[in-house]
Amino acid sequence: MDNGEVARVLREIGLLLELSGENPFKARAYVTGARVIEDLSRPVAELVGAGRVKELKGIGDALARKLHELSTTGRLAFHESLRAAVPSGLLEVAAVRGLGASKVRALWRGLGVASLEDLARACREGRVAALTGFGEKSQANILAALQELERFQGFTILPTALAEASRLAAVVRAAPGVQAVEVAGEVRRARERARTIEVLAAAPAASFAGALDAFANARGVQTVTSRTGDHAAVTLVGGLSAALRIVTPERFGAGLLFATGSRGHLAALTARAAARGLSLDPGGLSQAGDGGDDVPPGGSEEEIYAALGLSFVPPECREGNGEVDLAAAGAFPRLVERADLRGLLHFHTTWSDGRNTLREMLAAAAERGFSYAGVCDHSRTSSYAGGLSIDRVRAQRQEIAALQAEFSGLRIMQGIESDILPDGSLDYPEAVLAEFDFIVASVHSQFSMSREAMTARVIRAVENPRTTILGHPTGRLLLQREGYAMDMEAVLRAAARAGTIIELNANPRRLDVDWRHGGLLRDLGARVAINPDAHDVAGIDDLSYGLLMARKALLPAALVINTLEPEAWLRR
DNA sequence: GCCGTTTTCGGCCCGACTGTTTTCAGTCG
Ligand SMILES: [Zn+2]
């Protein structure tokens, strides 16, 4: 059992205890224990083996015993008995936004609600509103949250989609006779949320059936929803869909192009082909009518783009947003790449709610070849996240000065992720704000303002000359929470006017600003910062998702400030 | 259930909002 699995069990015990009506502080002790285990840099089993797990702050006698049982047997009787006493569907009910353990318990004990279906029915029948502690509004809010949950059902975020896709691709690749396999569809296009994993394979016709069998029998396949001679569609445990198409090798290039899409991109390509007297279909590119083939059988994607007089369009850019016109005009932007990034900005440390120390984060930055790093812990109003008091801001500055001597090749800057307060102001007095090298300003509270009020609030923040970067502009959490209502275009215009940089937060739950605003950002010439918002060392590598989104937005690398030296973007 | 030490019980991250209640519990970030 790795630390993540152990932590998950402890966290679930915490929830189950609360649902059982246990002392909430006892429940919290398990959640705290889960966090302690998550933050370990070594396997918890090692500490258990050495009898040292009790030395961890937050782990006492009881948790130490349970960790011992868990890491030696892989099971925990206490956990299993709790699970037996609480309907398993309640765990899903507790994940509904607005419902915590106490409310779920009330619904369970008062109305017999034991699943999401029960809850929806109870709401529709008006029974929730009649329950003490609830009312018409709570009932309506619960129904809305359930609908939101339903909308998110069957989708996943990019890292999971990529992992599942490459796992399934590997299964197919291992099947006899298979010569090539690629992930296609929306996953290859790096959509920020995905529903279907599409895989394309090339094999001689005699090998089709075997490859389809391998796919249909892959681990995690729940049901096979359709099956033909060259195609299989399945649903996966967890609700995602997946599909495999197999073509003979000479059709692989065009097949991949069509399987990748998007529809809009393909429409632009086929229109361009037609304008040149060509015809493009999944079989390849050919002379319209009876001519010979322009692209020989077996033509790759690259060859097809070239035959259409286009530079290669990377898969993540194929959204039908004018990328074909740009490529045709020879104006396709020079997109940002990992090696372009010189600056690592907006990461958290143990000074606030990060899991690694400042030194550890800086060492990771240096190891990854960054030439400058700007730490941005939380500001004082985010007290739940350990936001920095003015004294701690200054103490951190001293540590930075000391650490700078240790990291000669890395310029260390002190930023802050300042809350944007409800009135649009920043979170410290002017004299303190002036001491930071730069400021990322983000909304972390009062999400449910009116659209007008939120727009005014954020515009005031981006117009503040102390604001360097607007952090995660919409506040969305993909598949968990919609962004707050706000006139994004007005905000982006105001930011561009004020010279405030827009963050492209690379956390795969955020990927915010949305790539769909790329056209406006380009038109405005607005500068963008790709920031990992990392809370630990591993989080730094979320930058890869941010890079994909910046490319998807067709942003020229020159607009991405992390590619520049600080002097090019710091306010003076 | 953990922690600290005022050594063995009492408090546990904190402030604001929402919807319920009629003075506050629950949820969220
Ligand atoms: Zn933030």
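A, B, ... follow the sequence lines: proteins, then strands. Residue 1 opens every chain.
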With both distances kept under 3.5 Å, what pairs with B:dG11, Watson-Crick or G-U wobble? B:dC2
Contact nearer the 5' end of DNA chain B, comparing A:Gly60 with A:Phe25: A:Gly60
Indicate, with a heavy-atom threshold strictly under 4.0 Å, whether A:Ser102 touches base, sugar-phosphate, or nothing. sugar-phosphate
Partner of A:Thr349 by side chain to side chain contact (heavy atoms under 4.5 Å, CB included), out of A:Leu362, A:Asp377, A:Asn356: A:Asp377
If you measure from the C1' atom in B:dT6 to the same atom in B:dC14, how many Å do you get, rounded? 24 Å
In Å, rounded to the nearest 0.5 Å, how long is the span from OG of A:Ser442 to CD of A:Glu417? 3.5 Å
A:Ile59 atom CD1 is separated from B:dC3 atom P, nearest whole Å, by 8 Å
B:dC13 to B:dT27 separation - C1' atoms, rounded to the nearest Å: 15 Å
Does A:Ile142 reach a base, just sugar-phosphate, or nothing at all? Heavy atoms under 4.0 Å. nothing
Nearest 0.5 Å, please: how far is OG1 in A:Thr350 from CG in A:Asp536? 12.0 Å
Name the closest nucleotide to the A:Lys137 side chain, picking from B:dG4, B:dG1, B:dT20. B:dT20
If you measure from the C1' atom in B:dC2 to the same atom in B:dT7, how many Å do you get, rounded? 15 Å
Measure the distance from CG on A:Asp377 to P on B:dC13 and round it to the nearest whole Å. 20 Å
Matching residue for A:Asp514 among A:Arg191, A:Lys552, A:Arg476 - test: salt bridge (Lys or Arg N to Asp or Glu O under 4.0 Å): A:Arg476
Mind checking if A:Arg481 touches a base, just sugar-phosphate, or nothing, with heavy atoms under 4.0 Å? sugar-phosphate
Interatomic distance at C1', B:dT21 relative to B:dG29, whole Å: 25 Å
For atom NE2 of A:His535 and atom P of B:dG29, their distance in whole Å: 13 Å
Separation of B:dC17 atom C1' from A:Met454 atom CE, nearest Å, is 13 Å
B:dA16 P sits how many Å from A:Ile420 CD1, rounded? 18 Å
Just by distance, do the side chain of A:Thr500 and the backbone of A:Val462 share a donor-acceptor pair under 3.5 Å? yes
Which nucleotide in the set B:dC13, B:dC17, B:dG29 lies at the smallest distance from any side-chain heavy atom of A:Gln446? B:dC17
Candidate nucleotides B:dC28, B:dC14, B:dG26, ranked by approach to the side chain of A:Lys103 - the nearest: B:dG26
Separation of B:dG1 C1' from A:Arg35 CZ (nearest whole Å): 15 Å
If the C1' atom of B:dA25 is compared with that of B:dT20, how far apart are they to the nearest Å? 9 Å
Select base, sugar-phosphate, or nothing to describe what A:Ser448 touches, counting heavy atoms under 4.0 Å on all strands. sugar-phosphate
Looking at every strand, decide which applies to A:Ala101 at a 4.0 Å heavy-atom threshold: base, sugar-phosphate, or nothing. sugar-phosphate
Looking at A:Ser138, does any N or O in its side chain come under 4.0 Å of the phosphate oxygens OP1/OP2 on B:dT20? yes
When you compare B:dG10 with B:dG19, how far apart are their C1' atoms, in angstrom units rounded to a whole number? 31 Å
A:Leu341 vs A:Leu547, test: side-chain contact (heavy atoms from CB on, under 4.5 Å). Steps then yes/no. CA-CA 10 Å; A:Leu341 299 187; A:Leu547 284 162; 4.0 Å; yes
Between A:Asn141 and B:dT18, is there a side-chain N or O to OP1/OP2 distance below 4.0 Å? no
Is A:Asn23 touching bases, backbone alone, or none of the nucleic acid, heavy atoms closer than 4.0 Å? base
When you get a sec, tell me which of B:dG19, B:dG4, B:dG1 is the closest nucleotide to the side chain of A:Lys26? B:dG1
Could you state the CZ-P distance from A:Arg28 to B:dT27, rounded to the nearest angstrom? 13 Å
Under-4.0 Å salt bridge between A:Arg481 and A:Glu148: no
For the C1' atoms, the ones on B:dT8 and on B:dT18, what distance do you get once it is rounded to whole angstrom? 40 Å
Could you say whether A:Ala62 or A:Ala385 is positioned toward the 5' end of DNA chain B, judged by the nucleotide with the nearest heavy atom to each? A:Ala62
Heavy atoms from C-beta onward define the side chain here; which of B:dT21, B:dG4, B:dC2 lies closest to that of A:Leu63? B:dC2
Please check the phosphate of B:dC14 (OP1 and OP2 only) for any side-chain N or O of A:Tyr384 closer than 4.0 Å. no
d(CE, A:Met449; C1', B:dC28) in whole Å: 16 Å
Quick note, A:Lys66 side chain, CB onward, closest among B:dG19, B:dG1, B:dG26 is B:dG1
Less than 4.0 angstrom from a charged side-chain N to a carboxylate O is my criterion; do A:Arg394 and A:Glu399 meet it? no
Does A:Leu99 reach a base, just sugar-phosphate, or nothing at all? Heavy atoms under 4.0 Å. sugar-phosphate
Considering only the C1' atoms, how many Å lie between B:dT23 and B:dC12, rounded to the nearest integer? 24 Å
